[in-house]
Protein chains: 2
Amino acid sequence: MLSNSSKYAIKGVLYLALNSSEDHKVMVRDIFEVVHVPEAYLAKLLQELSRHGVISSVRGPKGGFYLSEDDRKHTLMDIVKVIDGEKRVNSCVMGIRDCNMNNPCVLHKLVGANKSKFIDVLENTTILDLIDGKQSVEEFFPL
Amino acid sequence: MLSNSSKYAIKGVLYLALNSSEDHKVMVRDIFEVVHVPEAYLAKLLQELSRHGVISSVRGPKGGFYLSEDDRKHTLMDIVKVIDGEKRVNSCVMGIRDCNMNNPCVLHKLVGANKSKFIDVLENTTILDLIDGKQSVEEFFPL
DNA sequence: CATAAAAAGGATAAGAATGTCTTTTAATCT
DNA sequence: AGATTAAAAGACATTCTTATCCTTTTTATG
């Protein structure tokens, strides 16, 4: 449903949401241990997100990744689309060709409702929504 | 959420549910084209299911795979457990260590409800339930 | 301008999932 | 009994995801 990479990416963005701003950028080096994702791998993912405008980054000394106010309005789905591509999330649960809401296979009908719900959540939850009322990273990453 | 292998396995079992019985066993050769799964790969999956008692099989001439009356009482989850293992389905959506219903991460709370629902469906839908009222394989495998 | 800091990018390795092929075992039929 | 048929088993190949490494580019600062 969600690839590991997408999960990692979400974790990273969550960290940025809680710990960064336009004038407080953070380096991958400061993030990866907290969110339990390999440093180089996380870097790749954040770069990809930055390239697609989901998060922001600045090179050089005093540089790093951060979320602008606008970035925070992005949804979880925006992240997932960049990392996994649209196809993966929207494809039929059973991977049946040409199975969709109009012409659903039996299993699709069965689990379809839940699936759409899941996608709904991804599409309608922004970063801001997620961190609303939360202060510490620990709340997001137990252990 | 569900591996390809599990999906294939479910398709295969569904075919058996519709087309086999104690005295009408079917060979992989007759199944794989209909359900769009590579022959050798499907064979492997069915063998695995048979080994674990989820479906039945007999070797040699007039042999093949089939579902006994008892087999039909198995749930989708029984299939998934054999192919994917229990861990995969039950693990935290975010893959966070020690995240569970008691100590859920933020995302878990968010999508947890849908996830449990999905698992519910798997656990409470038997093969019999699935084919109830269905005659043709085409209903299950459009295209 | 030199230097250091940091992301960006490319190449490649490691591993898991997926898929194929060959041999073995068991059942049936002549 | 012997030949044939079909699943069982296991070795092998391929592809995709995940992960690492190393070099290049950019930028701030002394």
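Because the structure is predicted, anything quoted here is derived from the model rather than measured. Letters A, B, ... are given to chains in the order of the sequence lines, protein chains preceding strands, and every chain is numbered from 1. Only heavy atoms go into these numbers, but all of them, side chains included; no hydrogens, no water, no symmetry mates.
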Mind checking Val26(B) for me? I need base, sugar-phosphate or nothing, with any heavy atom below 4.0 Å counting as a touch.
sugar-phosphate
Which of dT20(C), dA7(C), dG10(C) is nearest the side chain of Lys44(A)? It is dG10(C)
From the options dG9(C), dA7(D), dA27(C), select the nucleotide whose nearest atom is closest to the side chain of Arg51(A).
dG9(C)
Checking side chain to side chain contact (heavy atoms under 4.5 Å, CB included) between Ile127(B) and each of Val54(B), Asp71(B), Ile79(B), Thr75(B), which is the one that passes?
Ile79(B)
Rounded to whole Å, how long is the line connecting atom [atom1] of [X] with atom [atom2] of [N]?
X	N	atom1	atom2	value
Gln47(B)	dG10(D)	CD	C1'	10 Å
Arg59(B)	dA27(C)	CZ	P	7 Å
Leu46(A)	dA19(D)	CG	C1'	15 Å
Phe32(B)	dA6(D)	CZ	C1'	15 Å
Lys25(A)	dA6(C)	NZ	P	12 Å
Glu48(B)	dA7(D)	CD	P	16 Å
Glu39(A)	dA7(C)	CD	C1'	12 Å
Asp30(B)	dA7(D)	CG	C1'	13 Å

Salt bridge or not between Lys73(A) and Asp70(A)? Use side-chain N to carboxylate O under 4.0 Å.
yes
Using heavy atoms to find the nearest nucleotide of DNA chain C for Gly60(B) and Tyr41(B) separately, return the residue whose nucleotide is more 5′.
Tyr41(B)
Does OP1 or OP2 of [N] have a side-chain N or O of [X] closer than 4.0 Å?
X	N	answer
Tyr8(B)	dT18(C)	no
Arg29(A)	dA6(C)	yes
Asn4(B)	dA17(C)	no
Ser5(A)	dT17(D)	no
Ser50(A)	dA8(C)	yes
Ser57(B)	dA6(D)	no

Of all heavy-atom pairs between Glu39(B) and Val28(B), which one has the smallest distance, and what is that distance?
O-CG1, 3.5 Å
Let me know, please, whether Pro61(A) or Pro38(A) comes out on the 5' side of the other along DNA chain D by nearest nucleotide.
Pro38(A)
Would you mind reporting whether Leu16(B) and Ile31(B) have side-chain heavy atoms less than 4.5 Å apart?
yes
Can you see whether Tyr15(B) engages Ser20(B) through a side-chain donor-acceptor pair at a distance of less than 3.5 angstrom?
no
